[in-house]
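Below is one structure; the comments refer to it alone.
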Amino acid sequence: MLQLIEILGIISFALSGIIEARRKHMDLVGVYTVALIAAFGGGTLRDLFLDRTPLFWVANPAYAIVILMMAVGAFLFPSLARVPDRVLLLPDALGLGLFSIAGTGFALDAGVAPFIAALLGTTTGVFGGVIRDVIANEVPFIFRNKYLYATAAFAGCWLYMLLMIIGVEKGLAVIYGITAVVVLRLAALRFGLRLPGGH
Amino acid sequence: MLQLIEILGIISFALSGIIEARRKHMDLVGVYTVALIAAFGGGTLRDLFLDRTPLFWVANPAYAIVILMMAVGAFLFPSLARVPDRVLLLPDALGLGLFSIAGTGFALDAGVAPFIAALLGTTTGVFGGVIRDVIANEVPFIFRNKYLYATAAFAGCWLYMLLMIIGVEKGLAVIYGITAVVVLRLAALRFGLRLPGGH
Amino acid sequence: MLQLIEILGIISFALSGIIEARRKHMDLVGVYTVALIAAFGGGTLRDLFLDRTPLFWVANPAYAIVILMMAVGAFLFPSLARVPDRVLLLPDALGLGLFSIAGTGFALDAGVAPFIAALLGTTTGVFGGVIRDVIANEVPFIFRNKYLYATAAFAGCWLYMLLMIIGVEKGLAVIYGITAVVVLRLAALRFGLRLPGGH
């Protein structure tokens, strides 16, 4: 089940990466590189930090091939590049939720402490986008966009773990955790919620 | 003993990261992220390069929790954000010395050659700050600040190893090595020492 | 044989890194850091992703020492800093070819799927330069220079694998693969070849 969620997260993040790269008029290799980094970056850090081998995308070559087909598709349907800003936010929020909860699950499977599992889940969800922005020489999204991004992921990771502790079935806890991240993120965007202290 | 030094280095670097992030008006998540990267970045690279598992901060969840409490504390005492530039340099120099020598020690324990141990020690001391600056989309400190930063760390790592070779007791060699890094760095700042060739 | 190729690649990339850093008037530590990152970055990612231990430059301390001697040499012969832009492109193309094919070979030895081997080979060839640019806070070469950089590496990796599949002797396949990358890259620069879609 964690793997199915991971696949959906990969597709969501690859899509957001492809749309962003197309809007910057990158060529096919640039688009594919950005999509790979957005989709694989967070999970790669998680696997390296947990010493999980082989890496998830080395073990599943289909992931990289599917993203190549998506990148090629973006050139056949160039209207994707003209999608409004808002549309990018949905696959991104979905990827954030899917990756954060899957990352927390993998970390718990590896036997780490809950606080570290929540940190690694958040890292899995957030750092694909951070590395993508760093590589593109931009101030990362996470520092620019103040509307509960890492915070939503972190809160969802804890909800997922707390639900399992009080005896909720794992599959349900996963779904509630993902939903919490996505709803919290979209609500923060919609209503302008932000943490105190930043500006 | 290496672990005690590591803890002091983590606190020093987390402090310098928190002060810097507060001065940039980041919110709690931004401050915590910068502090984690500054405190964990160099040691994470070292552990990955040496294939030490689990990572030091995965094995010791208390580190991440203490840094969270420090980040929260920075919001309760906002005057921290108004600290003058100079005050940042002391915890930073201390973190540099502590991490460089601890990193060299861990590398020697892993059986690598002395030259590589000095490189990995310097990496441990320097790259937390480099990654912090890269993530914040700035030219890294190490390339901007010409006053013997990596050089001080590298020299201290060699002093530490040479002292042990000539039979100095390990605990003393550690203290001399750390002191050499801190004194060299602070003296370079005070007297404007720099390497030839750069400007 | 893969190791001999790796050594040549390290020297090529270290040279391109040193020339670039000298032109930016960096001091010795800056030049050495940039040279190390350019020469070791791609292979380090490959080794981490494949969980190959110890890392190639930890296992061979001579690599880091040779690059230090090259960096010191660049200060004794400062005319290197005045080399025209074009001259940088040859060692860079050579390093790209050598690292990409060696990286593909190491990945195949580790038993990964061909598509992933080609991706990891391209990563080995390309990401030393990407990390070098990211650390120096520039938009990476790979996104600025549209003349078949990653594409040349990727194509050469596939040629190398296809030649071995149809029974060509490994040593010959390596030479043809490297030649293909270098010729494709230099031809693209000479004739302004680029992928469609980018501008």
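Values in this document were obtained by computation on a predicted structure and should not be read as measured data.
- Residue B:Pro61 touches chain A through both its backbone and its side chain, counting heavy-atom pairs closer than 4.5 Å.
- Counting heavy atoms from C-beta outward, A:Tyr149 and B:Val29 have side chains that stay 4.5 Å or more apart.
- No more than 12 heavy-atom neighbours from other residues, nucleotides or ligands sit within 6.0 angstrom of OH on B:Tyr176.
- Heavy-atom distances place the side chain of A:Leu120, and not its backbone, under 4.5 Å from chain B.
- Smallest separation of non-hydrogen atoms from B:Leu48 and A:Leu48: CD2-O, 3.6 Å.
- The shortest heavy-atom contact between B:Trp57 and A:Ile116 is O-CD1, 3.3 Å.
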Evaluate A:Leu119 against B:Leu36 for side chain to side chain contact (heavy atoms under 4.5 Å, CB included), listing each step before the verdict. CA-CA 10 Å; A:Leu119 269 190; B:Leu36 284 178; 4.0 Å; yes
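- With contacts defined as side-chain heavy-atom distances shorter than 4.5 Å, the pair B:Asp27/A:Thr151 does not qualify.
- For chain A, the nearby parts of B:Ile65 are the backbone and the side chain; heavy atoms of each come within less than 4.5 Å.
- Contact annotation for B:Tyr63: neither backbone nor side-chain heavy atoms come within less than 4.5 Å of a heavy atom of chain A.
- With values rounded to the nearest 0.5 angstrom, A:Phe49 atom CZ is found 14.0 Å from B:Thr53 atom OG1.
- For B:Asp51, the part sitting under 4.5 Å from any heavy atom of chain A is the side chain, from C-beta outward, and nothing else.
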